[in-house]
Amino acid sequence: MKGLPLSLGGIGAGILMQVIALGLYNATPAEGFIAYLIGYMFGWLLIKEVRNIR
């Protein structure tokens, strides 16, 4: 349960990045997947930092 918010934050940010890449920039599916991975990484790090502040 401890890592669940990290995973959900990463997945949410990853999906958002993928939707932006595929919808706005007409990216290929491979580029969309790379955008998903980058978004997942940033979302995971953001949630981790926010949890460290509290």
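Values below: all heavy atoms of this structure, side chains included; hydrogens, waters and symmetry mates excluded.
- Listed by chain and number, the residues in a side-chain contact (heavy atoms from CB on, under 4.5 Å) with Leu45 are Met41 (sequence neighbours excluded).
- Listed by chain and number, the residues in a side-chain contact (heavy atoms from CB on, under 4.5 Å) with Ala13 amount to none (sequence neighbours excluded).
- Counting heavy atoms from C-beta on, the side chains of Leu37 and Phe33 come closer than 4.5 Å.
- For the pair Thr28 and Leu22, the tightest heavy-atom approach, listed with the atom from each and the gap, is O-CD2, 3.7 Å.
- Taking CE of Met17 as the reference point, atom CZ of Phe42 lies at 7.0 Å (rounded to 0.5 Å).
- Two different hydrophobic clusters hold Leu24 and Ile15 under the rule that ILVMFWY side chains link at heavy-atom gaps under 4.5 Å.
- Within the 4.5 Å cutoff, side-chain heavy atoms of Ile11 are placed close to those of Tyr36.
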